[in-house]
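Below is one structure; the comments refer to it alone.
Chain letters run A, B, ... following the sequence lines, proteins first, then strands; residues in each count from 1. Not measured: the values here are computed from a predicted model. Because only heavy atoms are used, hydrogens play no part in the values below, and waters and symmetry mates are left out as well, while side chains stay in.
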Amino acid sequence: AQTVTQSQPEMSVQEAETVTLSCTYDTSESDYYLFWYKQPPSRQMILVIRQEAYKQQNATENRFSVNFQKAAKSFSLKISDSQLGDAAMYFCAYRSPGNMLTFGGGTRLMVKP
Amino acid sequence: DSGVTQTPKHLITATGQRVTLRCSPRSGDLSVYWYQQSLDQGLQFLIQYYNGEERAKGNILERFSAQQFPDLHSELNLSSLELGDSALYFCASSVGGGMGSPLHFGNGTRLTVT
């Protein structure tokens with residue numbers, strides 16, 4: 001079974017600084033997708049970024065970028081120029097062919113003004 | 001706004017009762033997924049429908065059932081409710097059912113069983 005591990009239950013960052021959230025996963029598949037979702041206090045799950053395993057180039061969406069290390073099964077999220085609105089729970093998720101989206105336990109990010 | 005609508009937002013009911021949660025997917029999305037988010041179990045996949053047919057099942061209890069109607073909206077039925085069923089229930093939709101189709105989530109239904 002696929003597992004997704006987020007080893008940092010909580011992180012904090014100063015406004016305008018950069019923070020990196022860690023995620024590792026376990027799989028025997030060669031093709032799959034990885035995602036980061038954000039859950040603010042409003043509780044809605046918002047897609048932040050996605051990465052296909054076959055693409056070597058790291059995905060980027062504005063201030064959000066990933067560091068995808070396929071051999072190490074690592075998928076970290078970097079948030080640059082952190083803003084107060086970035087405060088939320090962040091979930092790493094994995095999906096392979098024929099399987100459902102599997103989430104990690106989440107990392108709570110606090111942004112200090 | 002993701003375009004996925006879930007009703008009701010909150011539901012408070014007693015043990016042993018039955019409730020129905022409703023979900024309208026984004027326009028054009030054929031797949032609907034149900035997830036349960038609880039404090040101790042995290043986000044757990046329950047079930048997926050694609051264009052009216054059940055596509056995949058996860059850790060869904062026998063007391064729970066779901067269906068997707070011809071207009072593509074979906075309902076999740078929870079019966080013989082127990083205290084442990086208290087959770088946030090999410091519906092999500094995607095265009096297709098493949099792994100690359102990102103899931104778009106609704107705001108969830110908060111179920112409290114007393």
**Q.** Sequence neighbours excluded - disulfide bond (SG atoms under 2.5 Å apart) pairs with any residue from residues 67-114 of chain B
**A.** B:Cys23-B:Cys91
Atom pair [atom1]/[atom2] of [X] and [Y] - distance to nearest 0.5 Å:
X: A:Gln44; Y: B:Gln6; atom1: CD; atom2: CD; value: 9.5 Å
X: B:Met99; Y: A:Glu52; atom1: CE; atom2: CD; value: 6.0 Å
X: A:Phe91; Y: B:Gln37; atom1: CZ; atom2: CD; value: 5.0 Å
X: B:Leu43; Y: A:Tyr37; atom1: CG; atom2: OH; value: 10.5 Å
X: A:Gln39; Y: B:Leu88; atom1: CD; atom2: CG; value: 6.5 Å

Please tell me whether [X] and [Y] are part of a single hydrophobic cluster in this structure, the criterion being side-chain heavy atoms less than 4.5 Å apart.
X: B:Phe105; Y: B:Leu11; answer: no
X: A:Phe75; Y: A:Leu77; answer: yes
X: B:Tyr35; Y: A:Phe35; answer: yes
X: A:Met11; Y: A:Val66; answer: yes
X: A:Leu21; Y: A:Val111; answer: yes

What part of [X] is in contact with chain A, defined as an atom under 4.5 angstrom from a non-hydrogen atom: side chain, backbone, both or neither?
X: B:Ser101; value: backbone
X: B:Lys9; value: both
X: B:Arg110; value: both
X: B:Gln44; value: neither

Q | Heavy-atom pairs under 4.5 Å with chain A, option from B:Ser2, B:Gly108, B:Gly100, B:Ala56 with the top count | A | B:Gly100
Q. Would you find more than 12 non-hydrogen atoms of other residues, nucleotides or ligands less than 6.0 Å from A:Lys70 atom NZ?
A. yes
Q. Is it the case that more than 12 heavy atoms not belonging to A:Arg108 sit under 6.0 Å from its CZ atom?
A. no
Q) Taking the side chain as C-beta and beyond, is there a heavy-atom pair between A:Met45 and B:Leu103 under 4.5 Å? A) no
**Q.** Close side-chain approach of A:Phe103 and B:Phe45, heavy atoms under 4.5 Å
**A.** no
Q. Given that the side chain runs from C-beta out, which part of A:Leu101 has a heavy atom under 4.5 Å from chain B: side chain, backbone, both or neither?
A. both
Q. Is it the side chain or the backbone of A:Arg43 that comes within 4.5 Å of chain B heavy atoms, both, or neither?
A. both
(Q) Give the interface residues of residues 66-85 of chain B toward chain A, defined by a heavy-atom separation under 4.5 Å. (A) none
Q. Looking only at atom types and distance, does a side-chain atom of A:Tyr33 sit under 3.5 Å from a main-chain N or O of B:Pro102, one as donor and one as acceptor?
A. no
